[in-house]
Amino acid sequence: MSNTDFALAVEDLTVAFDGFKAIDTLTLYVDKNELRVIIGPNGAGKTTLLDLICGKTKASAGSIKFKNTELTGMAEHKRVRLGIGRKFQTPSIYENLSVFQNLEVSYPSGRSVFGALAFQCTDRIKAAVQAVAEDIFLADKLHTEAGLLSHGQKQWLEIGMLLMQEPELLMLDEPIAGMSSRERELTAELLKRISNNRAVIVIEHDMDFVAQIAHKVTVMHQGKILAEGPMDKVQADPKVIDVYLGH
Ligand code: ADP
Ligand code: MG
């Protein structure tokens, strides 16, 4: 298979912090329209891997290709423009703005024909905001101040802000932390839906949630891949039970 068949091809990726290899010659391929879940004990390097893919952290060695374009060495904002969206663990939304305004400011102005004069196509932006608000279960909260939303709703809003940019690869770090069980159910539904037309990488600890959403599971340990495959196979793997699931 050539690299062009993958949304993401990570090969021999390594990053060392003062000699400590947080990611160690890691190779990982994610298909287009795949929902991949990454699990593993604390300190395994999961967040660091996302940092390397989005450009927050620079790789020491190895390659990261997105749609066959080399990302290592490319600035973070350029990766965003290529179609990579990253959600961090704590939601970063504008608490004083409404849900509508939060989504509106996330509309990529560079993509509009009018560029800086994006205000001329407000109907198109409004339609995009409406569609995303429905996706993230906040269509009836458009004029609510974001600061007044529940923690789970804030997480959805941040996902919505990323969806406004129509990313082709969306990465989420522990998106259901602090959510109610109903919010978790809805989030599983949302993630499955948004992976219909893009690749999604989710880091998650809650194994019931992982089982609900994952196409394939990657288990990381000490900066390397310990196991990879369908959920049932990974769960039955003695190495995985030993370093992670058994605890
Ligand atoms: P996980 O998300 O799997 O819990 P992390 O990727 O956050 O793990 O961390 C992996 C390891 O790399 C940890 O030992 C952490 O302390 C270390 N690490 C992460 N980022 C840095 C950094 N910027 N500088 C030094 N060490 C780091
Ligand atoms: Mg982490």
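Residues: numbered from 1 along the sequence shown. Atoms within each ligand, like the ligands themselves, are counted from 1 in listed order.
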Suppose we measure from [atom] to each protein heavy atom; which comes out shortest, and what is that distance?
atom                    : answer
atom 17 (C) of ligand 1 : F20 CE2, 4.1 Å
atom 5 (P) of ligand 1  : T48 OG1, 3.6 Å
atom 4 (O) of ligand 1  : G43 N, 2.8 Å
atom 27 (C) of ligand 1 : F17 CD1, 3.3 Å
atom 12 (O) of ligand 1 : A22 CB, 3.4 Å

Answer yes when [X] and [Y] have at least one side-chain N-carboxylate O distance shorter than 4.0 Å, and no when they do not.
X    : Y    : value
E158 : K87  : yes
E76  : R81  : no
K46  : D173 : no
E95  : K154 : yes
D206 : R184 : yes

Note: ligand 1 atoms sitting under 4.0 Å from heavy atoms of A44 are 1 (P), 3 (O), 8 (O)
Which of the atoms in ligand 1, numbered in the order shown and given with their element, are less than 4.0 Å from a heavy-atom of N42? 4 (O)
Can you tell me if T47 has an N, O or S atom under 2.8 Å away from the Mg ion (ligand 2)? yes
Does a donor on one side chain sit under 3.5 Å from an acceptor on the other, for T218 and E228? yes
Indicate the ring-plane relationship of Y244 and H205, choosing parallel, tilted or perpendicular according to the 30° and 60° boundaries. tilted
Tell me, do V210 and M231 make a side-chain contact under 4.5 Å, heavy atoms counted? yes
For atom 2 (O) of ligand 1, state which one of L49, I23, T57, T47 supplies the nearest heavy atom. T47
Quick one: does G45 get within less than 4.0 Å of ligand 1, heavy atoms only? yes
What do you think, any protein heavy atom under 4.0 angstrom from atom 8 (O) of ligand 1? yes
Is the closest protein non-hydrogen atom to atom 22 (C) of ligand 1 under 4.0 Å? yes
